[in-house]
Participant: 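Mind looking over this structure? Questions follow.
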Amino acid sequence: MSSNLVSLDSRASAGEIKRDANLDDVMRTCGLDFETELVPVHSPEGQEITSKNIIRRADTRQVFGVVGTGYRVVSNLDMLEPFHRMVKSFGAQYESAGVISNGKRCWVTATLPDTFKLKNRKDDEIQQRIMALISNDGLNRNAYLSIANRIFCNNQIQLINRKANESNYKVRHIGDVDQQLIQAQLGFENALALTKEFESNANVLDGMKMTKNQMRGFVHQLLPFDLTPDMEKDKTRAERKLARLDSKREEMVRLFDEGAGNIGQSRWDALNAVTEFLDHRTANHKDGEIAKRKTNSRFVSNVINGGGHRLKQHAMSMLINEMHSFKAVKSYA
């Protein structure tokens with residue numbers, strides 16, 4: 001299976017990796033074998049600005065961003081050496097890797113050997129994937145992620161839950177980078193152990209029955225309508241926002257029993273309706289190529305830690321709570 005984590009824009013590239021690849025193969029084949037460097041910033045008059053540095057690609061001199069003097073370079077190799085050890089340690093197989101905007105951001109994915117199937121849905125299989133995300137733009141931290149991949153529809157459910165978030169699986173570009181890399185690897189290994197918890201939760205959700213009208217009640221709570229003071233003054237604006245919100249809610253309700261692999265019977269179907277809606281709906285734009293890039297951009301953002309990711313986690317916390325009932329509603333009027 002090839003990864004969906006592909007081009008964010010026309011300057012992105014991705015490729016599949018041999019499953020038994022060594023680290024040199026990964027770096028070279030997927031264009032990750034480059035260094036970044038810090039160089040001084042100068043004013044238009046040539047005066048050096050001592051409080052800032054430019055971070056750029058060393059070979060092409062492409063500028064990735066402007067950073068403070070406390071910024072520390074964490075190279076692609078720095079991040080991928082521990083990841084490669086984890087791939088070998090967990091018996092994973094390399095899958096794909098790529099660069100975004102010529103190296104501003106890079107990723108590598110590998111699939112773990114363990115998959116699991118729901119107890120009452122033997123054809124509903126979940127595959128585990130690990131990912132190294134590298135940021136060279138000065139704006140984001142590097143990270144190791146664990147992701148569950150529902151094979152039916154390739155929904156991505158990041159497994160880093162509240163407990164795993166408490167571990168150090170991110171690497172900042174300040175301070176003692178070497179120590180952070182050690183702690184990130186330890187934290188990530190702890191997070192992987194929590195995949196068993198997700199397997200248990202998936203089966204719990206599948207055992208919690210749900211009707212379509214209860215699904216409407218759930219999405220009504222998941223996507224509440226907040227009437228701001230401005231909208232109170234502008235009823236037309238409020239009506240337009242509510243109409244857009246209702247459209248999203250109803251699409252999730254539709255996916256509850258029509259989404260890939262869904263049968264509309266349990267809270268597991270509800271969770272996957274949310275993830276399918278967030279991961280795979282096509283962005284609106286008259287230019288098809290721009291729409292595709294926007295769709296891919298949203299997909300990767302949802303996997304990593306964007307608004308879609310947070311909404312998935314909120315949906316999970318609502319659905320797994322037995323005390324949280326969803327009053328059946330037939331409409332939102």
Side-chain angles (χ1 to χ4, degrees), residues 1-6 109 111-112 115-118 120-121 123-131 133 145-162 164-165 191 194-195 197-208 210 212 214-223 245 247-283 294-321 324 326:
M1 181 186 299
S2 61
S3 173
N4 268 347
L5 302 180
V6 292
T109 65
T111 55
L112 292 166
T115 62
F116 70 87
K117 299 179 181 180
L118 269 67
N120 297 320
R121 302 193 198 190
D123 56 347
D124 200 345
E125 188 173 3
I126 310 297
Q127 183 180 52
Q128 294 174 237
R129 173 181 289 135
I130 56 176
M131 176 180 182
L133 182 68
L145 307 176
S146 176
I147 299 169
N149 177 58
R150 191 184 187 215
I151 294 175
F152 261 131
C153 53
N154 210 26
N155 288 352
Q156 308 289 335
I157 306 170
Q158 189 176 321
L159 296 183
I160 305 299
N161 61 13
R162 182 183 58 81
N165 278 329
L194 295 171
T195 57
E197 180 180 317
F198 178 79
E199 180 177 351
S200 173
N201 286 342
N203 280 299
V204 168
L205 288 175
D206 193 41
M208 301 171 76
M210 191 177 206
K212 196 162 187 174
Q214 286 173 328
M215 177 65 182
R216 284 197 173 91
F218 161 64
V219 297
H220 185 70
Q221 294 179 38
L222 181 67
L223 300 174
L245 189 60
S247 177
K248 293 178 181 179
R249 290 165 169 170
E250 278 301 314
E251 178 61 12
M252 289 183 184
V253 171
R254 185 188 69 80
L255 291 170
F256 175 64
D257 56 11
E258 296 182 24
N262 285 354
I263 56 177
Q265 294 182 0
S266 73
R267 293 191 181 190
W268 174 246
D269 296 307
L271 177 64
N272 282 286
V274 173
T275 58
E276 185 172 353
F277 173 81
L278 292 171
D279 286 348
H280 302 302
R281 75 189 192 280
T282 302
K294 289 175 68 176
T295 299
N296 287 336
S297 176
R298 180 179 55 217
F299 178 85
V300 175
S301 176
N302 287 344
V303 171
I304 297 169
N305 200 22
H309 164 70
R310 291 188 291 273
L311 191 63
K312 291 179 191 179
Q313 294 293 344
H314 183 44
M316 169 67 94
S317 66
M318 291 173 63
L319 291 166
I320 201 69
N321 187 350
H324 203 143
F326 305 110

Participant: In Å and rounded to the nearest 0.5 Å, what is the CE to CG distance from Met210 to Leu205?
Facilitator: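 If we round to the nearest 0.5 Å, Met210:CE and Leu205:CG are 10.0 Å apart.
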Participant: Starting at CG of Leu271, measure out to CG of Asp206 and round the result to the nearest 0.5 Å.
Facilitator: 11.0 Å
Participant: What is the distance from atom CG of Asn321 to atom CE of Met208, rounded to the nearest 0.5 Å?
Facilitator: 7.5 Å
Participant: Please report the interatomic distance CG(Asn203) to OG(Ser266), rounded to the nearest 0.5 Å.
Facilitator: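 Here the interatomic distance stands at 10.0 Å.
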Participant: Just do the side-chain contact (heavy atoms from CB on, under 4.5 Å) check on Val219 and Phe256 with the steps written out, would you?
Facilitator: CA-CA 11 Å; Val219 297; Phe256 175 64; over 6 Å; no
Participant: Report yes or no: does Asp269 contribute a side-chain atom to a donor-acceptor pair with the main-chain N or O of Asn262 at less than 3.5 Å?
Facilitator: no
Participant: If every non-hydrogen atom of Met318 is compared with every non-hydrogen atom of Arg267, which pair is closest and at what distance?
Facilitator: O-NH1, 3.9 Å
Participant: Please enumerate all residues that pass side-chain contact (heavy atoms from CB on, under 4.5 Å) together with Leu223, with sequence neighbours excluded.
Facilitator: Leu245, Lys248, Arg249, Met252, Leu311
Participant: What are the two closest heavy atoms between Phe326 and Gly217, and how far apart are they?
Facilitator: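 For Phe326 versus Gly217, the nearest heavy atoms are CB-C, 4.2 Å.
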Participant: Report the distance from atom CG of Asn272 to atom CG of Asp124, rounding to the nearest 0.5 Å.
Facilitator: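 Between Asn272 CG and Asp124 CG, I get 6.5 Å after rounding to 0.5 Å.
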Participant: List for me each residue that meets side-chain contact (heavy atoms from CB on, under 4.5 Å) alongside Ala202, sequence neighbours excluded, and say none if there are none.
Facilitator: Phe116, Leu118, Trp268
Participant: Under the rule for side-chain hydrogen bond (donor to acceptor under 3.5 Å, both in side chains), what residues qualify as partners of His314, not counting sequence neighbours?
Facilitator: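 If we apply the side-chain hydrogen bond (donor to acceptor under 3.5 Å, both in side chains) test to His314, skipping adjacent residues, there are no hits.
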Participant: List in chain and number order the residues that pass side-chain hydrogen bond (donor to acceptor under 3.5 Å, both in side chains) with Glu251, two or more places apart in sequence or in another chain; answer none if no residue qualifies.
Facilitator: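 Per chain and number, Glu251 pairs via side-chain hydrogen bond (donor to acceptor under 3.5 Å, both in side chains) with Arg254.
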Participant: Rounded to the nearest 0.5 Å, what's the gap from CE on Met215 to CD on Gln265? Could you check?
Facilitator: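 If we round to the nearest 0.5 Å, Met215:CE and Gln265:CD are 14.0 Å apart.
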Participant: Measure from the side-chain N and O atoms of Glu276 to the backbone N and O of Ala260, and report whether any donor-acceptor pair falls under 3.5 Å.
Facilitator: yes
Participant: Just jot down the side-chain hydrogen bond (donor to acceptor under 3.5 Å, both in side chains) partners of Asp257, sequence neighbours excluded, or say none.
Facilitator: Lys212
